[in-house]
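Taking it in order: structure first as structure tokens, then the write-up.
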Amino acid sequence: MSAAAAPPFDPRDPLGLDDLLEAEDLAIRETVRTWAADRVLPHIADWYERGELPGVHELARELGSIGALGMSLSGYGCAGASAVQYGLACLELEAADSGIRSLVSVQGSLAMYAIWKFGSEEQKQQWLPRMAAGEAIGCFGLTEPDHGSDPAGMRTYAKKDGTDWVLTGRKMWITNGSVAKVAVVWAQTDDGVRGFVVPTDSPGFSAPEIKHKWSLRASVTSELVMDEVRLPADAVLPEVTGLRGPLSCLGHARYGIVWGAMGAARASFESALDYAKSREQFGKPIGGFQLTQAKLADMAVELHKGILLAHHLGRRMDAGRLRPEQVSFGKLNNVREAIEICRTSRTILGANGISLEYPVMRHATNLESVLTYEGTVEMHQLVLGKALTGLDAFR
């Protein structure tokens, strides 16, 4: 019996990775890709240049309508999608802009996931359906001005006052903060670190927006200020105490970044590939020169290796076998390689590479933030180093 003929080589999918996807996976990817093409790509350069994300509440409702908010969670109006399907959505959203993917990640993988995983049934019923529909935006308060990689040192504190809690402190670099209706805030208590579900209209709560950013400009980033915010007894997340709570949420969000970073890389690579085939120098397209082809080949290898790695981690998550160290592996590799792909793409575009008419510089500057948040390079290196050696080098 003769072997079936191999399909034609596809420069956009050189490894044939789409063969790993089911029809439903492809349909979800196409839905998110079409939404991003219609609602984000025509405007994103202007939003980025202005440093704004106008119409964020409308965008959130639209994302809710396509099932992109909390999409890997089950019940409460959530889509119950697979980890791979959620990853594909993150890739398509970040191919448009990292700020849009951050909006979705913080909403679903941090704020909603914390309530879904550790909240009471009353908290879930109150917030999750509205958040899944995009009617209520959420944020997640862990990082502080003086405590980023070491959240155990947080100073935000919640003390008991009768049956109430009184919450005081500050959180920094909080995506969605100034547009959120609910904040999941982590604080020290006499019994250890606890999470609190905080309506943002609570007296004493404010969220001034952070300006003058040169990265994630089309994203709402804020400080959270809690000045003796009084909360009822049932504001605390009842099912977790200690850093295990916020760190498990971060693991869920980091998984989305493993996919998302490849979206930024893909957009930059495809921009460079198209440019190389049309830009002429010395009498022919620059894509016909060996050095340019070497750059394109190296970028394609790292891009599709990264997507394959993300897919593998997604299958492990769907099987309940994904370990935190493996998420660190993916986040460390894929964001680092994505930045390098953006930088190399910029060299192919030459001076045009710094223009907002092309996506490359925007993605490169966004990825500088993605490289840092949800665990810096150094933190993920140390996570892997400890896993490899059995020796803790954090302290």
Side-chain angles (χ1 to χ4, degrees), residues 9-15 17 33-34 36-53 90-102 213-219 257 259-307 310 333-372 377:
F9 183 83
D10 182 356
R12 309 287 172 166
D13 184 20
L15 291 180
L17 296 183
R33 182 180 294 181
T34 299
D38 290 344
R39 291 292 288 117
V40 179
L41 291 180
H43 314 290
I44 189 62
D46 180 57
W47 296 345
Y48 190 90
E49 190 166 29
R50 289 159 50 191
E52 299 175 357
L53 186 59
C90 287
L91 189 152
E92 295 302 329
L93 291 168
E94 193 144 356
D97 192 76
S98 300
I100 303 299
R101 199 267 310 144
S102 291
K213 299 179 298 177
W214 285 113
S215 180
L216 291 181
R217 289 177 57 78
S219 177
I257 290 173
W259 285 90
M262 292 295 97
R266 187 192 72 190
S268 297
F269 168 75
E270 290 184 351
S271 180
L273 178 61
D274 291 341
Y275 189 87
K277 291 190 292 184
S278 61
R279 171 71 167 177
E280 292 192 0
Q281 293 288 285
F282 304 103
K284 68 177 182 179
I286 62 174
F289 291 100
Q290 291 181 0
L291 291 176
T292 303
Q293 289 192 1
K295 292 178 180 180
L296 292 169
D298 286 347
M299 287 192 290
V301 167
E302 295 306 325
L303 169 61
H304 294 282
K305 280 164 55 179
I307 295 173
N333 179 81
N334 282 15
V335 181
R336 194 160 59 182
E337 294 302 327
I339 288 179
E340 189 59 34
I341 288 170
C342 290
R343 291 171 178 164
T344 304
S345 295
R346 209 288 304 160
T347 69
I348 291 176
L349 270 69
N352 284 325
I354 71 168
S355 170
L356 279 176
E357 293 182 13
Y358 299 88
V360 175
M361 184 62 79
R362 174 170 53 81
H363 283 304
T365 55
N366 280 339
L367 285 170
E368 291 293 342
S369 290
V370 180
L371 188 71
T372 297
V377 166

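Start at 1 with the first residue, then count along the sequence. Computed from heavy atoms alone, side chains included, the values below leave out hydrogens, waters and symmetry copies.
With sequence neighbours excluded, the residues satisfying salt bridge (charged side-chain N to carboxylate O under 4.0 Å, His left out) with Asp274 are Arg12. For Glu302, the side chain to side chain donor-acceptor pair (under 3.5 Å) partners at least two apart in sequence or on another chain are Lys305. When the salt bridge (charged side-chain N to carboxylate O under 4.0 Å, His left out) test is applied to Lys277, no partner is found at least two apart in sequence or on another chain.
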>> Apply side-chain contact (heavy atoms from CB on, under 4.5 Å) to residues Asp298 and Thr344 and explain how you reach the verdict.
In response: CA-CA 10 Å; Asp298 286 347; Thr344 304; over 6 Å; no
> Yes or no on side-chain contact (heavy atoms from CB on, under 4.5 Å) for Leu296 and Thr292, after CA distance, side-chain angles and deciding distance?
Replying inline: CA-CA 6 Å; Leu296 292 169; Thr292 303; 4.2 Å; yes
> Is there a side-chain contact (heavy atoms from CB on, under 4.5 Å) between Leu15 and Ile307 once you walk through the steps?
Replying inline: CA-CA 10 Å; Leu15 291 180; Ile307 295 173; over 6 Å; no
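Atoms CD1 and CG, from Ile44 and Leu53 in turn, are 7.0 Å apart once rounded to the nearest 0.5 Å. A distance of 11.0 Å separates CG of Leu367 from OG1 of Thr372, quoted to the nearest 0.5 Å. Here the NE2 atom belonging to His363 is positioned 14.0 Å from the CZ atom belonging to Phe269, to the nearest 0.5 angstrom. Distance check: Thr34 OG1 to Arg39 CZ gives 14.0 Å after rounding to the nearest 0.5 Å. Interatomic distance, CG of Leu93 versus OG of Ser98, reported as 10.5 Å (0.5 Å rounding).
Thr365 places a side-chain heavy atom less than 4.5 Å from the side chain of Tyr48. Residues Glu357 and Asn352 have side chains not in contact (no heavy-atom distance under 4.5 Å, counting atoms from C-beta outward).
A donor-acceptor contact shorter than 3.5 Å links the side chain of Arg217 to the backbone of Glu49. Not a single donor-acceptor pair under 3.5 Å links the side chain of Lys295 to the backbone N or O of Thr347. Here the side chain of Gln293 pairs a donor or acceptor atom with the backbone of Gly287 at under 3.5 angstrom. Of the possible polar contacts, none joining the Ser268 side chain to the Ala265 backbone as a donor-acceptor pair under 3.5 Å is found.
Ser271 approaches Tyr358 most closely through the heavy-atom pair OG-CD2, 3.8 Å. Nearest heavy-atom pair across Ala96 and Val40 is CB-CG1, 3.8 Å. Closest approach of Gly306 to Met262, counting heavy atoms only: CA-SD, 3.6 Å. The two residues Met299 and Ala272 make their nearest non-hydrogen contact at CE-CB, 4.4 Å. Heavy atoms only, all atoms of each residue included: Ser215 and Ser369 are closest at OG-OG, 2.7 Å. Taking both residues in full, the closest heavy atoms of Ala264 and Cys342 are given as O-SG, 4.2 Å, listed atom of the first, atom of the second, then distance.
Taking a 6.0 Å sphere around CZ of Phe9, one finds it holds more than 12 heavy atoms contributed by other residues, nucleotides or ligands.
Between Glu368 and Arg343, at least one side-chain N (NZ, or NE/NH1/NH2) sits under 4.0 Å from a carboxylate O, which counts as a salt bridge.
A side chain to side chain donor-acceptor pair (under 3.5 Å) with Arg266 holds for exactly one of Glu92, Glu94, His304; it is Glu92. Here the rule is side chain to side chain contact (heavy atoms under 4.5 Å, CB included) with Leu349, and of Val360, Ile286, Ile354 only Val360 fits it.
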